[in-house]
Amino acid sequence: NELPRLVEMSQAELVTDLRCRARKSGRQTSRYRGVSLLKQMQKWHAQINLGGKQLHLGFFTTEEDGARAYDRAAIHKAHAEETEIMATNFPLSDYEHEMDSLKSLTLLEL
């Protein structure tokens with residue numbers, strides 16, 4: 001029975017655990033959050049939920065480029081919604097040099 005272990009987890013740990021399980025179940029085409037493979041185009045598609053709607057971030061030739069686009073949008077989203085950055089695909093330190101500009105972007109610039 002997993003219940004005792006799950007009850008002890010923080011909300012962030014629980015979300016991470018569930019996402020990890022979903023990835024292992026084979027339902028996702030990417031190992032990164034917010035990225036999926038469009039097989040017809042042979043491109044990686046990045047998107048993020050912003051204000052209850054899916055925001056298309058672009059098509060990318062590599063999975064990592066899509067993941068980095070998602071991360072930048074997640075940083076912008078957290079600043080715009082005045083919340084903490086929940087999760088990124090790569091360490092936040094990777095974006096330290098561009099943090100100020102990411103926070104000031106408009107939706108069109110994302």
Side-chain angles (χ1 to χ4, degrees):
N1 188 359
E2 281 190 273
L3 189 56
R5 183 178 73 82
L6 296 174
V7 170
E8 295 296 317
M9 289 181 166
S10 70
Q11 182 179 4
E13 291 170 328
L14 183 58
V15 169
T16 300
D17 184 66
L18 292 172
R19 285 184 175 144
C20 182
R21 289 179 191 207
R23 286 187 184 111
K24 288 179 182 175
S25 73
R27 291 183 292 197
Q28 296 190 359
T29 56
S30 173
R31 63 181 180 243
Y32 296 114
R33 176 184 327 276
V35 180
S36 57
L37 178 64
L38 295 178
K39 292 180 182 178
Q40 320 82 296
M41 297 177 61
Q42 290 300 305
K43 297 271 185 182
W44 294 95
H45 175 237
Q47 60 185 9
I48 192 167
N49 188 325
L50 203 62
K53 295 185 179 184
Q54 287 294 320
L55 177 65
H56 166 75
L57 300 171
F59 296 106
F60 302 89
T61 54
T62 69
E63 186 180 18
E64 183 178 313
D65 287 345
R68 291 196 179 278
Y70 173 90
D71 286 356
R72 290 180 176 99
I75 293 166
H76 171 79
K77 175 184 177 177
H79 178 73
E81 295 178 356
E82 297 180 357
T83 60
E84 288 186 37
I85 300 168
M86 285 301 288
T88 54
N89 293 299
F90 300 100
L92 282 176
S93 58
D94 286 9
Y95 307 100
E96 203 130 320
H97 64 282
E98 56 187 315
M99 199 66 76
D100 289 336
S101 64
L102 289 173
K103 291 176 181 177
S104 65
L105 292 176
T106 66
L107 288 181
L108 292 175
E109 294 171 319
L110 275 178

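Residue numbers start at 1 and run along the sequence shown.
Leu55 and Ile85 fall within the same hydrophobic cluster, defined by Ile, Leu, Val, Met, Phe, Trp and Tyr side-chain heavy atoms under 4.5 Å apart, directly or through other members. Tyr70 and Leu37 fall within a single hydrophobic cluster, where Ile, Leu, Val, Met, Phe, Trp and Tyr side chains are chained together by heavy-atom contacts under 4.5 Å.
Heavy atoms of other residues, nucleotides or ligands lying less than 6.0 angstrom from CD of Glu84 number 12 at most.
By the side chain to side chain donor-acceptor pair (under 3.5 Å) test, Glu82 pairs with no residue at all, sequence neighbours left out. Annotation: ring-ring contact (aromatic ring centres under 6.0 Å, His included) contacts of His97 (sequence neighbours excluded): none. For the ring-ring contact (aromatic ring centres under 6.0 Å, His included) test, residues two or more places apart in sequence or in another chain that qualify with Phe90 are Tyr32.
Here the closest heavy-atom approach between residue His79 and residue Lys103 is recorded as CD2-O, 3.2 Å. Between Ser30 and Trp44, the shortest heavy-atom distance links the atoms CB-CZ3, 3.7 Å. Across all their heavy atoms, Ala46 and Gly66 have their closest contact at CB-O, 3.5 Å.
Within the model, atoms CG of Leu57 and CG of Asp71 stand 10.5 Å from one another, a figure rounded to the nearest 0.5 Å. With rounding to the nearest 0.5 angstrom, the CG atom of Asn89 is 9.5 Å from the CD atom of Glu64. Here the straight-line distance linking atom CZ of Arg33 with atom OG1 of Thr88 works out to 8.0 Å at 0.5 Å rounding. From Leu105, atom CG reaches atom CZ of Arg72 across 10.0 Å, with rounding to the nearest 0.5 Å.
In this structure, His76 contributes its side chain and Leu102 its backbone to a donor-acceptor pair below 3.5 Å. For Glu63 (side chain) and Val35 (main-chain N/O), no donor-acceptor pair under 3.5 Å exists by modelled atom type. Between the side chain of Lys77 and the backbone N or O of Thr83, no donor-acceptor pair lies under 3.5 Å.
Counted by atom type alone, Glu98 and Ser101 present zero donor-acceptor pairs between their side chains at under 3.5 Å.
A heavy-atom distance below 4.5 Å is found between the side chains of Leu50 and Glu81.
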